[in-house]
There are 2 protein chains.
Amino acid sequence: MIKYAILGLLHYKNMHGYRIKKHIEQNFGHMWSINYGQIYPNLKKLEQDGLIRMTQILQNDEKGPPRKLYSITEKGKKDFAAWLHASPEKSMLLRDPFLMRFVFFGFGDPERALELIDEQIALYEQQMERRRRNLKKWKKSGGYVRLMGELGVSLNEMFLQWLNRARSEILKDKTGETSHPSGTQKRSIAR
Amino acid sequence: MIKYAILGLLHYKNMHGYRIKKHIEQNFGHMWSINYGQIYPNLKKLEQDGLIRMTQILQNDEKGPPRKLYSITEKGKKDFAAWLHASPEKSMLLRDPFLMRFVFFGFGDPERALELIDEQIALYEQQMERRRRNLKKWKKSGGYVRLMGELGVSLNEMFLQWLNRARSEILKDKTGETSHPSGTQKRSIAR
DNA sequence: CTGATAATATATACTTTCTATATATACAAA
DNA sequence: TTTGTATATATAGAAAGTATATATTATCAG
């Protein structure tokens, strides 16, 4: 999929790897983060396959080594268009080391569970501000990119609400019935 | 992270690979889907590291080849507990081939974009039913697992709302100003 | 002016995750 | 008897993600 993120960005303008990473993080980087170790091998492969081409090496006028500017080829545009109009094969994938812990909190210390929830709340409140700021920038720009930004804000809001609800439920359970903590899992998995 | 999903599940009871996959999908499989190609190599590695142990080979009373039952060791429990109480290193990752297309819909055919959105709406309405059904089962079970199920439902609801909003906005844009489609991206990426 | 630090940029080795496919067992149906 | 289907394990290979090395230049401290 990184392949198509790169091909898509090169529709806007010619870019070098470093810039591509910045754009990926700023545009659909709400829930995405990418690495140089993913960018450069992909650029190499795409060039080998003739989907992109290195057009020029720019001497960096600020600092650092020269930039390798890539542009998309006709073949690349065709490949991208075919992908864009195809029905997505796979569905949404959400992976979160916090949520992975959450389902198992019943095996751990409820105090620590609450601490970790508070960490998450703080983290996503911070992120919320950043996302709202970015949204203002996108208000002017193309519809799809703006809508994507709005999804990021909605997701963040929903998650914060859920975290707060979880927090108060666990707190209630802990103080209310210390002898029968419903959070203590034994064989409570659905079959 | 799959490592800890396996170690976590083995806290409930001894299991074989096939059963572990089913449980992963049914418990936190809202946004997760796992493959045998991820299960068996992990079981192998965990056994080598002494975190789990193959306790018995059960002759399958239904059909198919014998099952290899694994149990968690003391070392495994210690490793799991340390992970459970640690602050998560990385943050939420959302990867979705539909959303990846969505940000680039401006480079494609708006008609097709609407079709793909409708596909997603149909898909998530189906999923919504399944999730609500599962939620009823979890009402009885442990707090954390149930809360996790509720997150799945909230996420699904929010996403469906967003899809419908996106749908009507794109439709409005298309019929309203055919000469100035705001969906047509040129250089509308945030810097 | 020399050396340390920081920002820009590319590159590669390695690990984990994911996909695809092969193999074995047994029951049921055609 | 072959074909299909459900159960179960296993492995090869591709894609994604992490960690780290290297090069270039500006800036600032000593």
Side-chain angles (χ1 to χ4, degrees), chain A residues 1-7 14-25 28-29 31-49 51-52 54 56-70 83 88-97 100 191, chain B residues 1-7 14-25 28-29 31-49 52 54 56-70 83 88-97 100:
Chain A
M1 237 171 45
I2 291 164
K3 170 184 169 182
Y4 294 106
I6 293 174
L7 288 179
N14 299 352
M15 294 187 207
H16 56 280
Y18 193 84
R19 198 61 63 195
I20 287 171
K21 182 176 183 260
K22 294 257 151 123
H23 271 123
I24 286 181
E25 281 169 356
F28 28 78
M31 45 284 286
W32 213 198
S33 88
I34 202 159
N35 230 287
Y36 294 119
Q38 296 165 266
I39 302 279
Y40 292 106
N42 264 286
L43 286 174
K44 204 176 183 178
K45 178 91 192 316
L46 284 167
E47 194 178 23
Q48 276 168 12
D49 296 348
L51 303 180
I52 65 173
M54 199 199 54
Q56 49 179 329
I57 298 182
L58 275 182
Q59 213 53 40
N60 196 340
D61 46 326
E62 287 159 37
K63 40 187 158 178
R67 305 161 172 171
K68 291 185 178 178
L69 272 188
Y70 291 93
W83 168 82
E89 343 62 59
K90 290 167 277 175
S91 63
M92 190 182 283
L93 167 77
L94 182 74
R95 217 178 357 161
D96 185 358
M100 179 62 81
R191 293 224 39 170
Chain B
M1 238 173 42
I2 291 163
K3 170 183 170 182
Y4 294 106
I6 294 174
L7 289 180
N14 298 353
M15 293 189 210
H16 56 280
Y18 194 84
R19 197 61 63 195
I20 287 171
K21 181 177 183 260
K22 294 257 150 125
H23 271 124
I24 286 180
E25 281 169 358
F28 28 79
M31 45 283 288
W32 212 197
S33 89
I34 202 159
N35 231 288
Y36 295 119
Q38 296 165 264
I39 302 279
Y40 292 106
N42 264 286
L43 287 174
K44 204 175 182 178
K45 179 93 193 317
L46 284 168
E47 195 178 22
Q48 276 168 11
D49 296 348
I52 65 173
M54 201 199 53
Q56 47 179 329
I57 298 182
L58 274 183
Q59 212 53 41
N60 195 340
D61 46 327
E62 286 160 36
K63 38 187 158 179
R67 304 162 173 170
K68 291 186 178 175
L69 272 188
Y70 290 93
W83 167 82
E89 343 62 58
K90 290 168 279 178
S91 63
M92 190 182 284
L93 166 77
L94 181 71
R95 216 179 0 164
D96 185 359
M100 179 61 82

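So that the names make sense, note that chain A is the first sequence line, chain B the second, and so on, each numbered from 1.
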Handout entry: For atom NE2 of B:His16 and atom P of D:dA6, their distance in whole Å
Key = 16 Å
Practice task
Could you tell me the separation between the CE atom of B:Met15 and the P atom of D:dT7, rounded to a whole number of Å?
Solution key: 16 Å
Practice task
Respond yes when some side-chain nitrogen or oxygen of A:Asn35 is under 4.0 Å from OP1 or OP2 of D:dG17, and no when none is.
Solution key: no
Problem - Nearest heavy-atom neighbours spanning B:Lys21 and B:Asn35 - result: CE-CA, 4.1 Å
Practice task
Kindly state each residue pair satisfying salt bridge (Lys or Arg N to Asp or Glu O under 4.0 Å) with at least one member in residues 34-44 of chain A, sequence neighbours excluded.
Solution key: none
Are any protein N/O atoms closer than 3.5 Å to N/O atoms in nucleotides 1-4 of chain D? If there are, list each pair with its distance.
none

Problem - Atom pair CD1/CD1 of A:Ile2 and A:Ile24 - distance to nearest 0.5 Å - result: 7.0 Å
Handout entry: Rounded distance [0.5 Å steps], CG in A:Asn14 versus OH in A:Tyr70
Key = 12.0 Å
Problem - Spacing of CZ belonging to B:Arg67 relative to CD belonging to B:Gln59, to within rounding of 0.5 Å - result: 10.0 Å
Exercise for the section: Figure out the CZ/P separation between B:Arg19 and D:dA6, and round it to whole Å. Expected result: 15 Å
Problem - Interatomic distance, B:Leu46 CG vs D:dA10 P [rounded to whole Å] - result: 14 Å
Handout entry: Main-chain N/O of B:Lys22 paired to B:Glu25 side chain as donor or acceptor, under 3.5 Å
Key = no
Handout entry: Along DNA chain C, first and last positions that approach a heavy atom of chain B under 4.0 Å
Key = C:dT17 to C:dC27
Practice task
Could you tell me whether the side chain of A:Leu43 reaches within less than 4.5 Å of the side chain of A:Ile20, counting heavy atoms only?
Solution key: yes
Practice task
Starting from the 5' end of DNA chain D, give me the residue, B:Lys90 or B:Tyr70, whose nearest nucleotide shows up first.
Solution key: B:Tyr70
Practice task
Measure from CG on A:Leu58 to C1' on D:dA23 and round the result to the nearest Å.
Solution key: 17 Å
Completion exercise
With sequence neighbours left out, the residues meeting ring pair (Phe, Tyr, Trp, His ring centres under 6.0 Å) with A:Tyr18 are A:Tyr36
Between the protein and nucleotides 11-16 of chain D, list every N/O to N/O distance that falls short of 3.5 Å.
unit_1	atom_1	unit_2	atom_2	d
D:dT11	OP2	B:Lys44	NZ	3.1
D:dA16	OP1	A:Met1	N	2.5
D:dA16	O3'	B:Arg95	NH1	3.2

Exercise for the section: Check whether any side-chain heavy atom of B:Leu69 lies under 4.5 Å from a side-chain heavy atom of B:Met54, and answer yes or no. Expected result: no
Completion exercise
Across all chains, not counting sequence neighbours, the side-chain contact (heavy atoms from CB on, under 4.5 Å) partners of B:Tyr4 are B:Leu7, B:Asp79, B:Phe80, B:Trp83
Problem - Heavy-atom closest contact (A:Lys3 atom, A:Leu51 atom, distance) - result: CE-CD1, 3.8 Å
